[in-house]
Engineer: 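Below you'll find the structure I mean.
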Amino acid sequence: MTTAENTPAEAPLAAPVNFIRARVAEDVATGKNAGRVMTRFPPEPNGYLHIGHAKSICLNFGLGREFGGATNLRFDDTNPAKEEVEYVESIMRDVKWLGFDWEDRLYYASDYFQRLYDYAEELIRMGKAYVDDQSAEEIRARRGTLKEPGLDSPFRARSVEENLDLFRRMRAGEFPDGARVLRAKIDMASPNVVMRDPALYRIKHVPHHRTGDAWCIYPMYDFAHCLSDSIEGVTHSICTLEFENNRPLYDWILDQLGVFHPQQIEFARLNLTYTVLSKRKLIQLVAEGVTTGWDDPRMPTLSGIRRRGYTPEALRDFCERIGVARADNMVEFALLEHCLREDLNSRAPRAMAVLKPLKVVIENYPEGQVDEFDFPWHPEKDMGSRKVPFSKVLYIEQDDFREEPPKGFHRLYPGNEVRLRYAYYITCTGVVKDEAGNVVELRCAYDPESKGGGSPDGRKVKGTLHWVSAAHALEAEVRVFDLLFTKPNPSAEEDFTSCINPDSLKVLRARLEPALADAAPGWHCQFERLGYFCADEKDSRPGALVFNRAATLKDTWGKIEKKQGGR
RNA sequence: UGGGGUGUGGCCAAGUGGUAAGGCGACGGGUUUUGGUCCCGUUAUUCGAGGGUUCGAAUCCUUCCACCCCAGCCA
């Protein structure tokens, strides 16, 4: 039971409609591309995948699967200065973990460098591209502004022969970085700035993680992406809204070259409350040591979320529920939590753990006696059972005792009777305090007749507490996480780091029931009444358990107490 | 009038001329050996605003307003 793999989730329901699905369905119905559907997920390997990428992955792979097509994984690796194999590997790991399979269709834009280069020469021969000797600053100065047209480059009218010669010499490494660039010859007066003779190739004497020193010129995104899509026969090239301005260029390049023309479709990227999802900001969190790395359980990266204890099923469900549209959005974190709870409620085994232990001595329980109970792993589903020992000295949660109970509190307080889950009823008969007045121990009396957690006389107790036998308890580290930011939209702040939550991590020494002794890293369970937890995939091992809290359970009492102005 | 987009309840989001789906959240209530789960109910006379067309408009026309994206040799 404590192995990492829990009961697999049931197959997800049919995906809801959205405008992209509708459009693809229409294309299939009208016989466009002979009814063929091919999508791709095209990450740049310059960072870890985050939950925003999950939306795109689910969309792209979902479309491929739904329409009997296929989805490629293609690394958009056209900027060697920023890309690394570590990222390539993490991306493949994360996509697989999310539950998608690119089978034998693993591609890299760098695989196409020669073909791309050939296309560039073709454009030059058609008089549609030219080599510009201006510096980056000069080009910028002549680009014009959003409201004013740009000026033609003094090198715009070069002959095809000269352009070809210069471009070949660029490729041969004759010029230093930044000396020249290949530009498309479109329209410097275009109201769309993207169309003002965009750069197609730049010189970068930087080794590439896959092609090594083979190239010193690299294609720009706009040139590489559309042609890579075309080469792969992608029918629907789905990307986020900010690329909408680039679509005319995407279309222009493909039209000039007369090659297969995929359809670019844009959708609104995901924004999540209390988190940041821009690569720049995530890199900053890692670089500045705000988190322990890309896979810190507080990070919205897929590796962080996985380590936190989220399941791929929950994430896929989340991606279905948020929908796909073109309006800017900000999805509440509560929806993500809901998806996890819903998934794990049905499949996670239950266990007892006390996070902040308070010692309880059952005064009328025989010294040295041990009851060994057999508790089900799940209250409704048949998941078998485990042995749980009960003895004279126990631990309960500090939060479950109040010397002076607030209104509506039906846990333990002096004179009150509660149920220890599945075990016995106990009544608090005394409180032991230290010199400072802190409650350090409770004296209680149990009712032997209530064994199993019910009583022959049928009397009701309102509270049921989780507990652990002190002598048999396992000690474990439990990491309790909270939101990384204190504001719903950190990106709206002048400096997003100004609202970092100083209490986003609390490390506790908890006591666990002994059945958890050999919980495997990655194992999920519910600690009864506390939340869903997962044995840390990196740091936990039998004998030195480390659990992460993925999400709390819904807490009605906490809400009531908060309203009462309680602590 | 630089160009391109978007505006439906607190948050997502269906709806594409026939009289506002669904989910999350919130709020009530029931069940309950997890104050969990589950169940039941409530939560937009109104679709950014105004004007118009129509028997009928969130859907069509029109004016206006708000917000987002674009001036990397990043993607």
Side-chain angles (χ1 to χ4, degrees), chain A residues 16-18 42-44 46 76 78-79 81-82 132 134-137 139-141 143-150 177-183 189-196 198-204 217-218 220-222 224-225 239-248 266 268 270 273 279-280 318 320-339 341-342 345-346 350 352 379-380 408-411 419-423 425 450 452-454 460-466 488 526-531 552-561:
Chain A
V17 296
N18 60 55
E44 182 189 14
N46 69 342
D76 220 335
T78 58
N79 186 357
K82 292 185 176 177
D132 196 336
Q134 293 182 104
S135 67
E137 297 68 43
I139 289 179
R140 190 184 321 124
R143 185 149 26 225
T145 69
L146 293 179
K147 295 189 177 183
E148 301 158 32
D177 288 6
R180 288 175 228 263
V181 330
L182 181 72
R183 288 229 256 170
S190 171
N192 180 354
V193 187
V194 171
M195 299 298 272
R196 318 239 260 231
L200 266 21
Y201 266 90
R202 75 289 217 188
I203 301 170
K204 268 184 195 286
I217 59 172
Y218 294 94
M220 299 288 292
Y221 164 84
D222 288 303
H225 204 91
C239 61
T240 45
L241 245 30
E242 65 270 25
F243 290 100
E244 191 160 24
N245 297 316
N246 300 53
R247 193 172 67 222
E266 312 84 16
L270 169 70
T273 56
K279 262 183 202 171
R280 198 207 103 232
F318 175 73
E320 291 293 329
R321 290 182 190 238
I322 57 177
V324 178
R326 288 175 63 89
D328 291 335
N329 61 82
M330 176 71 76
V331 175
E332 289 177 341
F333 196 86
L335 178 60
L336 218 207
E337 289 191 303
H338 168 81
C339 292
R341 291 191 188 113
E342 184 174 271
N345 175 52
S346 62
R350 310 291 133 117
M352 292 207 285
E380 286 105 33
F409 186 82
H410 48 250
R411 275 114 95 146
R419 169 168 40 238
L420 292 180
R421 169 134 247 220
Y422 295 140
Y425 290 0
S450 65
K460 300 289 182 201
V461 293
K462 281 185 184 165
T464 299
L465 274 40
H466 59 279
Q526 181 197 103
F527 285 164
E528 294 223 25
R529 304 209 304 133
L530 296 174
T552 61
L553 253 30
K554 285 216 271 187
D555 182 11
T556 306
W557 168 245
K559 212 184 290 179
I560 294 169
E561 202 177 20

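Heavy atoms only: backbone and side chains are in, while hydrogens, waters and symmetry mates are out. In the text below, chain A, chain B and the rest are named by the order of the sequence lines, each starting its count at 1.
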Engineer: Below the 4.0 Å mark, does B/rG36 have OP1 or OP2 next to a side-chain nitrogen or oxygen of A/Thr556?
Structural biologist: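 Answer yes for this pair, as a side-chain N or O of A/Thr556 is under 4.0 Å from OP1 or OP2.
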Engineer: Where the side chain of A/Glu244 is concerned, which of B/rU34, B/rG4, B/rC69 is the nearest nucleotide?
Structural biologist: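 For the A/Glu244 side chain, the nearest candidate turns out to be B/rG4.
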Engineer: Watson-Crick or G-U wobble partner for B/rG25, using a 3.5 Å limit on both distances?
Structural biologist: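 With both distances under 3.5 Å, B/rG25 matches B/rU43.
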Engineer: So which nucleotide from B/rG36, B/rA75, B/rA14 ends up closest to the side chain of A/Asn18?
Structural biologist: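 In terms of side-chain proximity for A/Asn18, the closest of B/rG36, B/rA75, B/rA14 is B/rA14.
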Engineer: Reckon A/Arg326 has a side-chain N or O less than 4.0 Å from the OP1 or OP2 of B/rU6?
Structural biologist: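 Checking A/Arg326 against B/rU6: at least one side-chain N or O falls below 4.0 Å of OP1 or OP2.
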Engineer: Let's go through A/Thr464 and A/Arg419 carefully: what are the C-alpha distance in whole Å and the side-chain angles of both, what is the deciding distance for side-chain hydrogen bond (donor to acceptor under 3.5 Å, both in side chains) to 0.1 Å, and is it a yes or a no?
Structural biologist: CA-CA 5 Å; A/Thr464 299; A/Arg419 169 168 40 238; 3.2 Å; yes
Engineer: Can you tell me which nucleotide in B/rG35, B/rC73, B/rA75 comes closest to the side chain of A/Ala199?
Structural biologist: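 The answer is B/rC73.
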Engineer: Considering only side-chain heavy atoms of A/Glu528, which listed nucleotide, B/rA75, B/rA71, B/rU34, is closest?
Structural biologist: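 Closest nucleotide to the A/Glu528 side chain: B/rU34.
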Engineer: Tell me: CD of A/Glu266 to P of B/rG5, nearest whole Å?
Structural biologist: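 Atom CD in A/Glu266 sits about 9 Å away from atom P in B/rG5.
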Engineer: Can you tell me the Watson-Crick or wobble partner of B/rU6, both distances under 3.5 angstrom?
Structural biologist: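 Matched B/rU6 with B/rA66 under the 3.5 Å cut-off.
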Engineer: CG of A/Asp555 versus P of B/rU34: gap in Å, rounded?
Structural biologist: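 Value for this atom pair: 15 Å.
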Engineer: Please tabulate, one pair per line, each protein N/O and nucleotide N/O from nucleotides 24-30 of chain B that are separated by under 3.5 Å, including the distance.
Structural biologist:
{"unit_1": "B/rA26", "atom_1": "OP1", "unit_2": "A/Lys559", "atom_2": "NZ", "d": "3.2"}
{"unit_1": "B/rC27", "atom_1": "OP1", "unit_2": "A/Lys563", "atom_2": "NZ", "d": "3.2"}
{"unit_1": "B/rC27", "atom_1": "OP2", "unit_2": "A/Lys559", "atom_2": "NZ", "d": "3.3"}

Engineer: The side chain of A/Asp328 is closest to which nucleotide in this list: B/rC68, B/rU37, B/rG7?
Structural biologist: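 Among the listed nucleotides, the one closest to the side chain of A/Asp328 is B/rC68.
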Engineer: Has A/Thr78 got a side-chain N or O lying under 4.0 Å from the OP1 or OP2 atom of B/rA75?
Structural biologist: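 For B/rA75, OP1/OP2 do have a side-chain N/O of A/Thr78 under 4.0 Å.
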Engineer: Is there a side-chain contact between A/Arg140 and the phosphate of B/rG72, meaning an N or O under 4.0 Å from OP1 or OP2?
Structural biologist: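 Result: yes.
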Engineer: Select one nucleotide: of B/rA75, B/rG2, B/rC69, the one nearest the side-chain heavy atoms of A/Leu146.
Structural biologist: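 The listed nucleotide nearest to A/Leu146's side chain is B/rG2.
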Engineer: Quick one: which of B/rG35, B/rC73, B/rC70 gets closest to the side chain of A/Val193?
Structural biologist: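 The closest nucleotide is B/rC70.
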Engineer: As a test of reading the structure: which of B/rA75, B/rG7, B/rG2 is closest to the side chain of A/Arg202, going by heavy atoms?
Structural biologist: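 Among the listed nucleotides, the one closest to the side chain of A/Arg202 is B/rA75.
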Engineer: Which atom pairs, one a donor and one an acceptor, fall under 3.5 Å between side chains of residues 324-333 of chain A and the rest of the protein, sequence neighbours left out?
Structural biologist:
{"unit_1": "A/Arg326", "atom_1": "NH1", "unit_2": "A/Glu266", "atom_2": "O", "d": "3.1"}
{"unit_1": "A/Arg326", "atom_1": "NH1", "unit_2": "A/Glu266", "atom_2": "OE1", "d": "3.3"}
{"unit_1": "A/Arg326", "atom_1": "NH2", "unit_2": "A/Glu244", "atom_2": "OE1", "d": "3.0"}
{"unit_1": "A/Arg326", "atom_1": "NH2", "unit_2": "A/Glu244", "atom_2": "OE2", "d": "2.6"}
{"unit_1": "A/Asn329", "atom_1": "ND2", "unit_2": "A/Arg269", "atom_2": "O", "d": "3.3"}
{"unit_1": "A/Asn329", "atom_1": "ND2", "unit_2": "A/Ala327", "atom_2": "O", "d": "3.4"}

Engineer: Can you identify which nucleotide, out of B/rC73, B/rG35, B/rA75, has its nearest atom closest to the A/Ile139 side chain?
Structural biologist: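 It is B/rC73.
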Engineer: Please confirm whether the shortest side-chain N or O distance from A/Arg143 to OP1 or OP2 of B/rC73 is below 4.0 Å.
Structural biologist: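 Indeed, a polar side-chain atom of A/Arg143 lies that close.
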Engineer: Using the closest heavy atom to pick a nucleotide of RNA chain B for each, name whichever of A/Pro191 or A/Lys204 lands nearer the 5' end.
Structural biologist: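 Its nucleotide being nearer the 5' end, the pick is A/Pro191.
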